[in-house]
Each structure stands twice: as C-alpha cells, then as structure tokens.
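First the structure, in the form of structure tokens, and then the observations on it.
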Amino acid sequence: MPLEIAQHLFGLGATVGGFLDVSTAPSVASRLASVDLTAYGGSLATLEFVGRLISCLFLFAFGACVGSFLNVVVYRIPAGLSVVTPPSRCPTCGGRLTWRENLPVLGWLLLRGKCRFCRQPISIQYPLIEAAIGIVFALLYLHFYILPGNHSTTGGNGSWLSALVLPWWKAQGFAWSWPLFVAVLLLVAGLVASTIIDARHFIIPGEITWTMSGIGLAAAAVQPFFPVSGRARLLTPPIEQVAPTTCGVALGACFGLLIATILLKTGVLRYSYADYDAYVKPDDPRSSYPFARRETLREIVYLLPTIACGLIGGWVASQWSESQPPVWLGSVASALFGFLIGGATLWMVRILGTLGFGREAMGLGDVHLLASVGMVLGWKAAVWTFALSLPVSLGYAFLAFCVRPFIRLPIRELPLGPHLAFAAILTLLLTPTLRSFDPTLADVFSAAWQGFRIKTGF
Ligand SMILES: [Zn+2]
C-alpha cells in the first residue's frame, strides 16, 4: 500500500510548509525593523532567534524523513524491490509497523531497538542514518543562511567560515531561495544513498541519479519566479547564468539526447554491452568482455544526435544574439548545460579509457551521477567535482594504506562513485573559494589559446 509513501509525503509537506511559515518570520522582522523598535528592546532578537530555532528543528525533521526514505532506498533498490510497496516491516518476522513506530528516529526509540512481535533487534543503522541526514540538513541551513557571512561582492573581511559560504544565499534569504536549497539538500541525500549502494554493490542506480537531476531541473525552472532581493542582485547566483548562445547549445543538445534515447528505447539504436552477461561470469575471475572497443563505437553513435543538435542549437541562438532569452529559460538552460558538461566530462573519460585499455572504463552510473551534480550546482561545479575526485581518491588510498595494519578499509574495491560524491560535497562547501580561481583559470586558457594562435598563425 502506498500508505507509507503518503505518510512520508505528509511528513515532508508538513515540515516544508511549517518551516516556510517560520522562516518568513525573520523577513517580517526586518520589515518591522524599519519601524523604530528600540522601545521593544531585545524582543525582536528573541523573535528572530526563536524563528531560526524552529526552522532548524523543521529542517532536522525534514532530513529525518528523507533519511527514513533513504533506508528504504538503499535496501530495496539493489534488491530489485519497489520502494513504494510493501510498507515497512520487520526483516525477521515480517511484522507490520504502526505509524508511530514508523516515525524517523522516534519509532526506533519507542521500540527500544527491538521488534514488537519477535523481539529480534532492529539495526541501529536505521535511526543513525535518519538522525545523520536530519543533522546534515539543519547544519546546511545554518551554514547557508544563518552563520555570519560576508555580503560584499568582492569578498574580504569576514570570519574564515564566511569564506566558505556563497553570500548569495544569505542575501537572498531562505523564503525566496528554498527551491534551489531543497534541490541542494536532496542532492546531498542522493549522494549519500548512492555512496552506500555503490560501496556495497558496485552500482549507482539510475532511479537515484535521475531523481536528483529531475529535482534540480524543477528547482531551476521554479526559482526565477521568486523575486530577487536587492543585495542578491549584485551577487553571483549558485547556478551561474550561461551566455545566450550557450543556452541554445544546451537546449539543442538536450533535444538531441531525447531523440537518441527514444531511438534507444524503441530498439533503433542498440544498448552498449547488451551481450555482456554472455562473456563475463561472476564466478570466473578470468572471464572478461572482449568487445569493449566495439561497444564504444555504439556509444559514440548514441551521442551523435546530441552533438549535432547542440551545434544547431548554438547556431540558431547566435542568430538572435542581440536578445536575451527569458529569465526562466536562461535558468533552465544553465542547469541543463551543467547536466551536459557533467555527463560529457566522465563519458569522454570513459570513451578514451575504454579505447585505450580495451576494457570498460568507468560505469555509466558515474556519468549520470556527475550529470546530476551539474544539473543542481551548475557546470563549473561539475568540472570542479571531477577535478577534486582525483585528489580525493588518492587521499582515500593513502589513508587506507596508513590504517591498514589496524583497520581494513576496502582499498582497491571502492569504486569511483563515493569519491565523486565526496568531491561534490567539497565543491558545494568550497564554492566561493573555487570561484576565486575562475579568473586564473580563464587567464591560463586565454594565454594558451593566444599561444596556439601565434604558433599556428590562425
Ligand atoms: Zn519481528
């Protein structure tokens, strides 16, 4: 029964609705502040503090609900089960949980960690994940909106923490930026889920990555309909707007991707590695797939409509270069461009790696994962995530090597996905610092381009 989903949704709705209500309190308070309130003493500060505290509690509850759903996702998706039905039950005896026992964290405490029917212990992993996601959501809220940040456009004199926060969030305020913020929260939750599944089963389920991408696209489409606060107008938004021609490229390429996917689903194009199971036996470590290079050609054919339509889209947009696209279209195209750059970066590595080594390099799940990071955080963040995933994986290998005599970490077995997820979270938290490198990078590229032009006389 979708009763449980309804319960989750109800929890989500109640929390989102609740904290929206509360978080507008500070903005009401600031409007009141234009009135002389000195007579009221500290009551305004108290109101603001209470508002923020309640917002934090609501975000914790929201996170715990998402964490509760993640528990279902990381267990059921790899097992090929539906995440909707049946409702939660005891894994040992199949006893059904009541709605109170289903509450995140509280339910486990209520049962004192034991099944009501068979008295078998229920893993502490469930309340731990719920509480962890709840705490992460509340901390991200504090980090983005409450902690002392600096609001200057040039950066400078804030605390060291403020150098980690993109000032746009605080300037725009929660009430007018929650679609993008919720997309960021759910991206983090999705990264956690895909890390757990990838580390255990070596797959990144498309259900997770496509959900994250879909939420990112929806947020990019909704956000432009919110007013932009005066201070935020001067600041760089979380997803940087791309130029009109680039919008054309992004929209065209996504149209091409859609066509290629329809051709794939209808059987006109063939899936790559369709006969993989005929060659690779799980119980035979010597078996390997012999046609990896040939399958790469199949993937290039799949990508051709995307490239062609992207070029056509860019050309069409360049014909109207005088006029800017509508704001919401620019926002959607910027998110789509991030999706494409994220996906293209890893797919290029996959194609080159497979051609070079003659065996499948990097899973398509990693490609989808970086694409969803690009959709939610923008194309530069996708590139940074890829760049940071290299030092992150080296750091992990080094750490695993150092602690090997004491703890056995899965040193060779850990796939790329968890490293990508960790790098994406680093990118999210270091956005302002990473953006300060952008001009340097642009200089390096333009110097290289100038050198190339002089050398070739182009
Ligand atoms: Zn039981």
Side-chain angles (χ1 to χ4, degrees), residues 1-16 18 57-139 185-186 188-212 282-283 365 407-410 413-415 417-418 421:
M1 239 304 279
L3 183 76
E4 194 190 358
I5 285 291
Q7 239 180 59
H8 279 296
L9 284 180
F10 177 75
L12 284 182
T15 42
V16 171
L57 288 176
F58 273 121
L59 271 158
F60 176 82
F62 176 51
C65 289
V66 172
S68 160
F69 189 63
L70 282 196
N71 276 324
V72 177
V73 164
V74 298
Y75 170 69
R76 291 196 187 172
I77 289 186
L81 302 170
S82 159
V83 293
V84 186
T85 52
S88 306
R89 50 182 72 222
C90 167
T92 314
C93 70
R96 286 271 299 273
L97 296 168
T98 65
W99 70 269
R100 260 191 303 168
E101 292 159 357
N102 233 335
L103 286 175
V105 188
L106 295 178
W108 190 85
L109 294 175
L110 208 69
L111 290 167
R112 293 191 180 78
K114 284 200 180 82
C115 169
R116 186 156 42 88
F117 304 99
C118 65
R119 310 304 302 164
Q120 287 297 308
I122 303 168
S123 169
I124 195 166
Q125 181 200 316
Y126 296 99
L128 279 185
I129 286 189
E130 288 159 1
I133 302 284
I135 290 170
V136 165
F137 279 21
L139 284 179
L185 292 181
L186 295 179
V188 171
L191 289 174
V192 171
S194 57
T195 294
I196 295 172
I197 296 178
D198 200 13
R200 280 186 191 161
H201 305 278
F202 302 98
I203 49 158
I204 301 175
E207 291 94 329
I208 295 180
T209 48
W210 282 104
T211 305
M212 295 193 293
D283 48 355
I407 317 162
R408 277 196 71 84
L409 290 180
E413 287 78 18
L414 201 66

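Computed over heavy atoms, backbone and side chain alike; hydrogens, waters and symmetry mates excluded. Numbering of ligands and ligand atoms starts at 1, following listing order.
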Side chain to side chain contact (heavy atoms under 4.5 Å, CB included) test vs Pro78 passes for just one of Ile197, Asp198, Val73, namely Ile197
Quick one: list whatever passes side-chain contact (heavy atoms from CB on, under 4.5 Å) with Ile135, sequence neighbours left out.
-> Phe60, Leu139
Under the salt bridge (charged side-chain N to carboxylate O under 4.0 Å, His left out) rule, collect the residues that match up with Arg200, sequence neighbours excluded.
-> none
Option from Lys114, Arg96, Arg116, Arg112 for which salt bridge (charged side-chain N to carboxylate O under 4.0 Å, His left out) with Glu101 holds | Arg116
Which protein N, O or S atoms sit under 2.8 Å from the Zn ion (ligand 1)?
-> Cys90 SG, Cys93 SG, Cys115 SG, Cys118 SG
List the atom pairs, donor and acceptor, that lie under 3.5 Å between side-chain atoms in residues 119-126 and the rest of the protein, sequence neighbours left out.
{"from": "Ser123", "atom 1": "OG", "to": "Gln125", "atom 2": "N", "distance (Å)": "3.0"}

Is there a side-chain contact between Ile196 and Ile129, using heavy atoms and a 4.5 Å cut-off?
-> yes
